[in-house]
Number of protein chains: 2
Amino acid sequence: MITRNSIPELPETKRKLVDAGVTLMRARGYNATTVDEICSNAGVTKGGFFHYFKSKDELAKAALARFYEGKAQDFADAPFRKLVDPLDRVFGRLDYVKKSIGGPAQLTKGCLIGVFAQELSFTNPELRSACQEALLRTANDLEKDLVEAKALYAPTADFNPKKVSLFYVSFIQGGLLVAKAAESNAVLMDNIENFRSYLQSLFGSTKKVGKK
Amino acid sequence: MITRNSIPELPETKRKLVDAGVTLMRARGYNATTVDEICSNAGVTKGGFFHYFKSKDELAKAALARFYEGKAQDFADAPFRKLVDPLDRVFGRLDYVKKSIGGPAQLTKGCLIGVFAQELSFTNPELRSACQEALLRTANDLEKDLVEAKALYAPTADFNPKKVSLFYVSFIQGGLLVAKAAESNAVLMDNIENFRSYLQSLFGSTKKVGKK
DNA sequence: GGCAACATACCAACCAGTCTGTATGATAAC
DNA sequence: GTTATCATACAGACTGGTTGGTATGTTGCC
């Protein structure tokens, strides 16, 4: 379960531990990140850590939740949300993702959800399930706009908004992975443009495309 | 560097160790797989392991190479290679991937390249680079057919075969990741169909599509 | 007899988690 | 308003198990 309302009132120390966990585990993964590292990174000692978390595992759950909530919040507040046309929101989302990734030069730090899904799915059922939920919610977020846009502009078109949304989540996650290996975000940028082009073909040329 | 010609003549014991490494690390990742596990899985003791490998790290490199070579061999031998029409080969590849994944029910064990890329890119430069090379080669394999097909059927079309190939690698890797988290291959299957649909839009309706 | 191909025992480092201690602030008693 | 009580929030030393790697055999083949 990803609990909302967990953001507002975290003790300072606990929040620092979670943040350190997010940062370190994004880069090194779960197993390669030690509790001691998290502690020193957060400026806390072991006593502090285990005062707030029963185990390393539990911190990982908190880190995943915090990471997801943070991203969800970013997207909830993003400018493209205010667009009235659903298809504008779809393309606006792509623009927003591109912008938040930064230029091809800037290194992306990776997605904690993807990291955990890859590393822990076969060994940690709880975290696997949490990753699944986070990924599905991300897809669902796009799906809503896609359903609306389809009803409005291409009601008879032969595509499934849910599947297209999962396709979106897939190439983003895969793009992040390839970007890590290639030490370049160029792939991610290009992927988004390919997806944009695909969406344009699905919606015909009924609408103007996203800018830039 | 991924060395070819490493497949033919491996000592039986060494081969078993590498195979065990591939199997275990595909599921659990690098850090969560212990040398002892690999040994017992291969029916060898520690002495045997360190007789053939200087370190766990070196086995991982061998495992990655073997995994890639195996996959490359599969694709090199696949029936779609014999098709004379490049666009047929492109769609034939998609059919082949679908078939080798199996039905949505069957669980995919994941791609070692993706696992290593995710887990080790920031901590192990050598393996990161090896993953990059493996991913790029995979993309390049499709790219060749795509270039030919474009020259033949859509020479003026506005798409970049290299970028489309990396898009392909991305959604496959991302699809595998999501499939792990969701414990279902359905996403992968759907992704391939979406990509097929995208390719059809890129090539217009000039050619028949790949068969089911 | 010498070397490759292992087996077995062993070790030192590491690491998640524990235990005990202490500082601080709230609360209650008087 | 001062002291006793207690809980929270940590600090820091410690531990037991794990793990990558080593050192020392032993066996069979050329």
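Just so it is clear, the structure is predicted and the values come from calculations on it, not from any experiment. So you know, we letter chains A, B, ... as the sequences are listed, proteins then strands, and number each from 1.
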Nucleotide [N], atom [atom2] - distance to [atom1] of [X] in whole Å:
X       : N      : atom1 : atom2 : value
B:Tyr30 : D:dT19 : OH    : C1'   : 12 Å
B:Lys54 : D:dT22 : NZ    : C1'   : 16 Å
B:Ile38 : D:dT19 : CD1   : P     : 12 Å
B:Asp36 : D:dG17 : CG    : P     : 16 Å
A:Asn31 : D:dT18 : CG    : P     : 15 Å
B:Phe50 : D:dT22 : CZ    : P     : 7 Å

Residues in salt bridge (Lys or Arg N to Asp or Glu O under 4.0 Å) contact with [X], at least two apart in sequence or another chain:
X       : answer
A:Arg26 : none
B:Lys14 : none
A:Arg89 : A:Asp145, A:Glu148
A:Arg15 : A:Glu12, A:Asp19

So CG of A:Leu112 and CG of A:Leu24: to nearest 0.5 Å the spacing works out to 11.0 Å
Reading nucleotides 5-11 of chain D from 5' to 3' and marking B where a protein heavy atom lies under 4.0 Å of the base, S where only the sugar-phosphate is that close, and - otherwise, the string is ----BBB
Do side-chain atoms of B:Ser129 reach the backbone of B:Pro125 as a donor and acceptor pair under 3.5 angstrom?
-> no
For the pair A:Ser121 (side chain) and A:Gln118 (backbone), establish whether a donor and an acceptor sit closer than 3.5 Å, ignoring hydrogens and angles.
-> no
B:Phe195: ring pair (Phe, Tyr, Trp, His ring centres under 6.0 Å) partners, not counting sequence neighbours = B:Tyr168, B:Phe171
Return the set of residues passing ring pair (Phe, Tyr, Trp, His ring centres under 6.0 Å) with B:Phe53 (not counting sequence neighbours), or none when no residue passes.
-> B:Phe49
Would you mind listing every salt bridge (Lys or Arg N to Asp or Glu O under 4.0 Å) that reaches into residues 159-179 of chain B, with sequence neighbours excluded?
-> A:Asp190-B:Lys163, B:Glu143-B:Lys162
Can you list every salt bridge (Lys or Arg N to Asp or Glu O under 4.0 Å) pair that touches residues 167-187 of chain A, not counting sequence neighbours?
-> A:Glu183-B:Arg128
How about A:Phe159 and B:Tyr198: are their ring centres within less than 6.0 Å of each other?
-> no
Its 5'-most and 3'-most nucleotides having an atom under 4.0 Å from a non-hydrogen atom of chain A, DNA chain C is contacted over C:dC15 to C:dT18
May I ask you to list the residues of residues 120-127 of chain A, by number, that have any heavy atom positioned under 4.0 Å from an atom of DNA chain C?
-> none
Have a look at the helix from C:dG1-D:dC30 to C:dC30-D:dG1 and give the angle its two end axes make, five pairs each, rounded to 10 degrees.
-> 10°
Chi angles and distances behind the side chain to side chain contact (heavy atoms under 4.5 Å, CB included) call for B:Tyr30, B:Val115 = CA-CA 8 Å; B:Tyr30 177 84; B:Val115 170; over 6 Å; no
